[in-house]
Amino acid sequence: AGLRFALPGEAGYDHAWETIFARLRHLGQKPADPTLLSFHARHYWTGNYESPTLARLVRDWPLLVAASLPGLVIVLGWWRPSFWREWIPPTLLRPLPSGLLQGWGPSSPLLGLASHFVLWMTGSFWLIYLLFRKLQLFAAVPLAVAVAIAFAATRGRRRRATRIALPVVVLAVALQGWGVLPTFERWLPGQTEEAAAWSPVSVFSDRSFNGLAEALPRLIGPDEPLLASFIISPFVLAYLDRPTVLHCFFEGDVLERYQAITEARFGDEEGLWEVARRYGARWYLHEAHHVLRRDGRMSQRYVAGAMDWPADSAVVRMSFAPQELKRFELVWENEWFRLFRVLEEAERPARPAVENHPAWSRPLFTHLFGDPLGPVDESRYAPADLLYGTLRAEQLLMGAIHAVEGDRGLSPWNERELQQAVQHAPWLWKADQILDRYYLQDRQPERARSHGQRARAMQRALAGQGPFPQGMDPIPVPVQGH
């Protein structure tokens, strides 16, 4: 941190400094109010730039820490006055050892310097790891040095036992890393439920992303830049060979671009169009989670500081009212992505042909929260419940679809998964449709009729052609960290 003040002219890494200072200022607790942080700290303070959780510490470190303790004890012992009274400094005429186990070993030459260095390395490297879990390799280096010291410098009766035990423990560390031996975090209370919860950064399905990857090369020319999220942009550039406005290496003017684009998403349509044109974008890729999430795990609303529902924003209209857009034309969509063409100054968009996917359904959103183009009610459910509930239900539904397509037929386990899908996302009518067929084959006509009627009613309601059926109270999906 001192280097930042010593080199005030240094540019390009303010985002890193801002994140470090924010972590220290807020004592490692990311505030729920994004306005307490700078733009870059809101973005960077997530994922690998968070502190390791207790579960991660218990999972990764117990055995390696145990193996390093004898070496750290030896290093601390070098500070004892009694040790220095007995120690004879080496002379220059004596040849230095060429191997770890030859000559004096690490317990004799340059002991003062070695002890200071090892202890400094252990303390400072672990401090930076506890600040940013991304730097776990730094935390492992001093522990590995301590293991080597214990192996080489242990004397007396403990020497043989230490040299037998340490390789066994180090091998156990490797076996845990390979998944052969179980780790210890499962002993912590609540870890089973946390591990089973939905990850807040899983915001679209593999199936929808595969559909996007197939559609983009077909629709976008090789010289037509795409404005997409910085997470997806590198894939588009590297694997689909299409130019992008953003990428994930925040160097040069990319930081300025990213901030301008993120903030413009939650402004009006004209502002987003001007930003897209400024950076040469011919296409804009919209993702449903950009408006449905507002958690601190790099959600676009948190990073932009748009915690209140952004009813007048461009991205809300891209989700729920694309026919009202004047500067962007909807060209393609699937369950979680929409591709818009950035229009020229004098162009007018063609009326889009939209599908009734739950994430884009204005009638469904209105039924759950209120009209998305006005004030919304989040007292019972949050828009993120629509996102994660649908994703979890899609995941459960796919097992049943594979069973039907594979001519295996539905099993009782598939029936249970479909019922769970209906509980988490009752608007996902395909689950009711499959259950209708299953119960007909299983000679349960009443249950079949109930699911069939609800599937048809739900299809009409999503299209705005009728009311939603009764029993539209979803069970929210447990989400990690919520």
Side-chain angles (χ1 to χ4, degrees), residues 198 204-205 207-208 211 288-289 292 319-321 333-336 353-372 376-479:
W198 192 267
F204 48 78
S205 64
R207 180 171 172 269
S208 66
H289 70 92
L292 298 178
S319 283
F320 302 110
E333 70 173 23
N334 67 9
E335 296 89 344
W336 299 106
V354 299
E355 300 181 33
N356 298 320
H357 298 298
W360 313 124
S361 174
R362 185 172 178 178
L364 174 60
F365 192 96
T366 301
H367 179 79
L368 293 172
F369 313 106
D371 188 355
V376 302
D377 179 13
E378 301 185 40
S379 59
R380 294 185 63 199
Y381 307 108
D385 292 327
L386 171 61
L387 170 69
Y388 298 125
T390 306
L391 283 167
R392 176 59 177 151
E394 284 182 349
Q395 185 184 65
L396 294 166
L397 179 63
M398 289 310 298
I401 291 177
H402 291 323
V404 172
E405 292 177 348
D407 296 327
R408 292 185 286 110
L410 291 180
S411 67
W413 179 261
N414 295 133
E415 178 198 3
R416 179 175 176 272
E417 290 184 327
L418 288 170
Q419 291 290 0
Q420 288 180 342
V422 171
Q423 291 175 345
H424 290 309
W427 46 82
L428 203 64
W429 54 268
K430 289 183 180 179
D432 280 306
Q433 191 177 68
I434 296 175
L435 284 169
D436 175 21
R437 299 170 188 167
Y438 173 78
Y439 289 129
L440 277 176
Q441 295 174 356
D442 200 40
R443 299 181 180 180
Q444 300 184 54
E446 291 300 321
R447 298 186 73 177
R449 186 179 304 110
S450 172
H451 285 283
Q453 290 175 349
R454 189 161 66 173
R456 291 186 289 274
M458 198 67 70
Q459 286 179 273
R460 292 192 298 270
L462 289 171
Q465 299 172 357
F468 283 92
Q470 298 296 319
M472 279 285 292
D473 294 327
I475 299 176
V477 172
V479 179

ask   = Is there a side-chain contact (heavy atoms from CB on, under 4.5 Å) between L418 and Q420 once you walk through the steps?
value = CA-CA 5 Å; L418 288 170; Q420 288 180 342; over 6 Å; no

key: Trace of the side chain to side chain donor-acceptor pair (under 3.5 Å) decision for Q419 with R416   = CA-CA 5 Å; Q419 291 290 0; R416 179 175 176 272; over 6 Å; no

task = Decide yes or no on side-chain contact (heavy atoms from CB on, under 4.5 Å) for W360 and E355, but give the supporting numbers first.
result = CA-CA 8 Å; W360 313 124; E355 300 181 33; over 6 Å; no

key: Verdict with reasoning, W198 to L391, per side-chain contact (heavy atoms from CB on, under 4.5 Å)   = CA-CA 9 Å; W198 192 267; L391 283 167; 3.6 Å; yes

task = Take R380 and D473 through the test salt bridge (Lys or Arg N to Asp or Glu O under 4.0 Å) and record every step on the way to the result.
result = CA-CA 10 Å; R380 294 185 63 199; D473 294 327; 3.1 Å; yes

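Put simply, OG1 on T390 and CH2 on W427 are 5.0 Å apart, with the number rounded to the nearest 0.5 Å. The distance from atom CG of L435 to atom OG of S450, rounded to the nearest 0.5 Å, is 10.0 Å. The CZ atom of R447 lies 13.5 Å from the CZ atom of R449; values are rounded to the nearest 0.5 Å. With rounding to the nearest 0.5 angstrom, the CD1 atom of I475 is 12.0 Å from the CG atom of D385. A distance of 11.5 Å separates CE of M398 from CG of L396, quoted to the nearest 0.5 Å. A distance of 9.0 Å separates CD in E394 from CD1 in I401, rounded to the nearest 0.5 Å.
For the pair L397/Q395, no side-chain contact is recorded, criterion being any heavy-atom separation below 4.5 Å from C-beta on. Contact of the Q453 side chain with the R456 side chain is registered, since non-hydrogen atoms from C-beta on lie closer than 4.5 Å. Contact of the E335 side chain with the R207 side chain is registered, since non-hydrogen atoms from C-beta on lie closer than 4.5 Å. Side-chain contact between F365 and V376 is present, with at least one heavy-atom pair separated by less than 4.5 Å.
The heavy-atom pair separating W336 from A359 by the smallest distance is CZ3-CB, 3.5 Å. Shortest non-hydrogen contact noted between V477 and H424 is CG2-ND1, 3.7 Å. Taking each heavy atom of V422 and A431 in turn, the nearest pair found is CG2-CB, 3.9 Å. Annotation for N334 and H357: closest pair O-CD2, 3.4 Å, computed over non-hydrogen atoms.
In summary, the side chains of H451 and D436 do not present any donor paired with an acceptor at a separation below 3.5 Å, with no hydrogens or angles considered. Using modelled atom types, one finds a donor on one side chain and an acceptor on the other under 3.5 Å when comparing W413 with E417. Checked by atom type, the side-chain pair Y439/E415 shows a donor-acceptor distance below 3.5 Å.
Sequence neighbours left out, the pairs with a member in residues 361-371 that pass side chain to side chain donor-acceptor pair (under 3.5 Å) are R362-D371.
Under the side-chain contact (heavy atoms from CB on, under 4.5 Å) criterion, P426 pairs with M472, P474, sequence neighbours left out.
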Only distances under 3.5 Å count here; give the side-chain donor-acceptor pairs of residues 458-469 to other protein atoms, sequence neighbours excluded, each with its distance to 0.1 Å.
none

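Checked against a 6.0 Å centroid threshold, the rings of Y381 and F369 do not count as neighbours.
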